[in-house]
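To find a chain, count down the sequence lines: A is the first, B the second, and so on, and within it residues start at 1. Not measured: the values here are computed from a predicted model. For the numbers below, each heavy atom of this structure counts, side chains included, while hydrogens, waters and symmetry mates do not.
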Protein chains: 2
Amino acid sequence: MRDMHGTRSTTSGPFTRKLQGFEPLQEADTALVTAIEAGERHFPGGTDLIREGDRPDGMIVITGGFACRYKLRETGARQITAYLLPGDVCDLDTSTLGRMDHTIGTLSSCRVVRLTSEASERLRERPDIARALRTAALVSDATLREWLVNLGRRMAVERLAHLFCELLMRIRAVVPTQGDSFDLPITQADLADTTGMTSVHVNRSLGELRRTGLIELKGKHLTIRDLPRLIEVAEFRPDYLHLGAHALTPELWSRSASAMVSRCA
Amino acid sequence: MRDMHGTRSTTSGPFTRKLQGFEPLQEADTALVTAIEAGERHFPGGTDLIREGDRPDGMIVITGGFACRYKLRETGARQITAYLLPGDVCDLDTSTLGRMDHTIGTLSSCRVVRLTSEASERLRERPDIARALRTAALVSDATLREWLVNLGRRMAVERLAHLFCELLMRIRAVVPTQGDSFDLPITQADLADTTGMTSVHVNRSLGELRRTGLIELKGKHLTIRDLPRLIEVAEFRPDYLHLGAHALTPELWSRSASAMVSRCA
DNA sequence: CGCTAGATTGATAACTGTCAAGGGCGGTGG
DNA sequence: CCACCGCCCTTGACAGTTATCAATCTAGCG
């Protein structure tokens, strides 16, 4: 799992990378987690993996694509309450809670690992992995609170700016990216259901972010043209994500990634 | 802790009651929890118990009054992300996370128990208590998601209606109340910071709820005049709170409470 | 090449915020 | 006991933000 220079190999999957970002893992643990990632299955976008009211158990790991948690109103209005990005894991704690209070579904086509409660139990027997999973859960709580601030106390443009900052940081932490850009395989309607607005208003707000030179978004790829200013607009403080230095300093990533590429070429 | 009729005694505190609502407790556990409640201290309203950036540990239990979690924007805008009502407990998980990402403060004057990490560790050694605490944590997660839906996908009046429904249910679960009413010792500005609106607009929306005969609110006491219709307006589904039958059927409460009173008189 | 989901735009209405002024009520000091 | 003060609630007029409705445009795809 480490190359001849002792650098962390970019061949490890997002789940491995995510956990390592929270807690250094032994070789054995890394092997176990990587083995788990191999069990991924594919689902098209718009698939519900688990529905509100279900009584599933174990856990779900996203290894590719964008998924989300969401709730529907009786009116049909949808509110997305969390993004599940590559490397993200979510417990299906229905052993204690009974039934799901929300649905988990894919936004884009996704690669997903489904673990039985036995398998997730086995994972948690490893102290370091268990600690990493606990941290992941606390971070997703903190993220939820941050989202509440986003919806309650920020304007449309600021909400999108904040979301984009968060996504950039989270994706950088698990996938090598080029500069301040990443694939955003979701629709404007999805963004609307995330930020509590209308797709029309999302469209106009995106237009404003474009016009002011903050972002560029086309063909499901988002490029942040002026990250410092976007962070300023969003009032973004990444602390709540508990990212390691590698995610916060993109240079490290890019450099090691390009080094990888040149080594492989 | 049980009277001669085998009914749960109303003399147990809110924390005891809260945990019992999630998990039946042995006498020994009940005694332990009740003993802990005795260690309460008083704080005036508007006191920050723990500030963003602090590195506290252990946990906090609210035994009286209204407290909350909140975050501030640099503009000074405040977003309340959770209410901490009597019986509510919150972990100060900074053992894993480092520092608080939000502040915990009182809204009204409060009675609070502060537990060291050792004390909370000792609590968690009791399997039933540990399970109850886990459930409580999951419920507060679910509540956070519900709040996100509230801010993202409901109109002002609906937001307040939903909040009032939730508060009624939660308070009923830990304190004997008379009919569909309870003390709401907070200001309209607090409601605004909860629901993502302005205090002015909260005021007008409350007016509408009053005019349509749904509620009555004066002198920090809220009376719900037409609960079925309020639930309808809010589209309130109490499932996420995981309340026992005693909370959902107020009759039980009132009857046992009045029985208590007459016995004591 | 036609189809369809998604993106874009305009006109208008609805909702919510902002600013400013008054009113009520409880607490405190004289 | 009363006057005064401060905090909160209430209200009005107006501005700003966001939703709604409807049409058009675009790009990916069979």
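Within 6.0 Å of CZ on A:R210 lie more than 12 heavy atoms contributed by other residues, nucleotides or ligands.
Atom CG in B:D190 sits about 8 Å away from atom P in D:dC8, given to the nearest Å. A straight line from CE of A:M197 to P of D:dT17 spans 13 Å, rounded to a whole angstrom. If you measure from atom NE2 of B:H201 to atom P of D:dT11, you get 14 Å, rounded to the nearest angstrom. Taking atom CZ of B:R204 as the reference point, atom P of D:dC8 lies 19 Å away to the nearest angstrom. In this structure, B:N203 atom CG and C:dT16 atom C1' are separated by 14 Å, rounded to whole Å. Regarding A:L191, its CG atom lies at a distance of 8 Å from the P atom of C:dA7, rounded to whole Å. The CZ atom of A:R211 sits 12 Å away from the C1' atom of C:dT8 (whole-angstrom rounding). B:L217 places its CG atom 14 Å from the P atom of C:dC25, with the value rounded to the nearest Å.
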Would A:W147 and A:Y240 count as a ring pair (Phe, Tyr, Trp, His ring centres under 6.0 Å) if you check the C-alpha gap in whole Å, the side-chain angles of each, and the deciding distance to 0.1 Å?
-> CA-CA 11 Å; A:W147 281 34; A:Y240 68 98; 9.6 Å; no
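At least one side-chain nitrogen or oxygen of B:Q188 sits closer than 4.0 Å to the OP1 or OP2 atom of D:dT10.
Sequence order on DNA chain C of the closest nucleotides to A:K220 and A:R153 puts A:K220 first from the 5' end. Both A:V200 and A:R154 lie near DNA chain D, and the one whose nearest nucleotide falls closer to the 5' end is A:R154.
Counting all heavy atoms, side chain and backbone alike, A:V113 lies closest to A:E37 at CG2-O, 4.0 Å. Of all non-hydrogen atoms in A:P176 and A:R17, the two that sit nearest each other are CD-NH2, 4.1 Å. Between A:I62 and A:A67 the shortest heavy-atom distance is CD1-CB, 3.8 Å.
The listed nucleotides are C:dT8, C:dG17, D:dA19; the one nearest the side chain of A:R210 is C:dT8.
B:D190 and B:Y70 share no donor-acceptor pair across their side chains, judged by distance under 3.5 Å alone.
Put simply, the residue from B:H162, B:E235, B:R145, B:E158 that forms a side chain to side chain contact (heavy atoms under 4.5 Å, CB included) with B:N150 is B:H162.
Overall bending of the helix from C:dC1-D:dG30 to C:dG30-D:dC1, expressed as the angle between end axes built from five pairs apiece, is 30° (10° steps).
Within the 4.0 angstrom heavy-atom criterion, base atoms lie near B:T198. Backbone-only contact: B:G196 has heavy atoms under 4.0 Å from sugar-phosphate atoms and none from a base.
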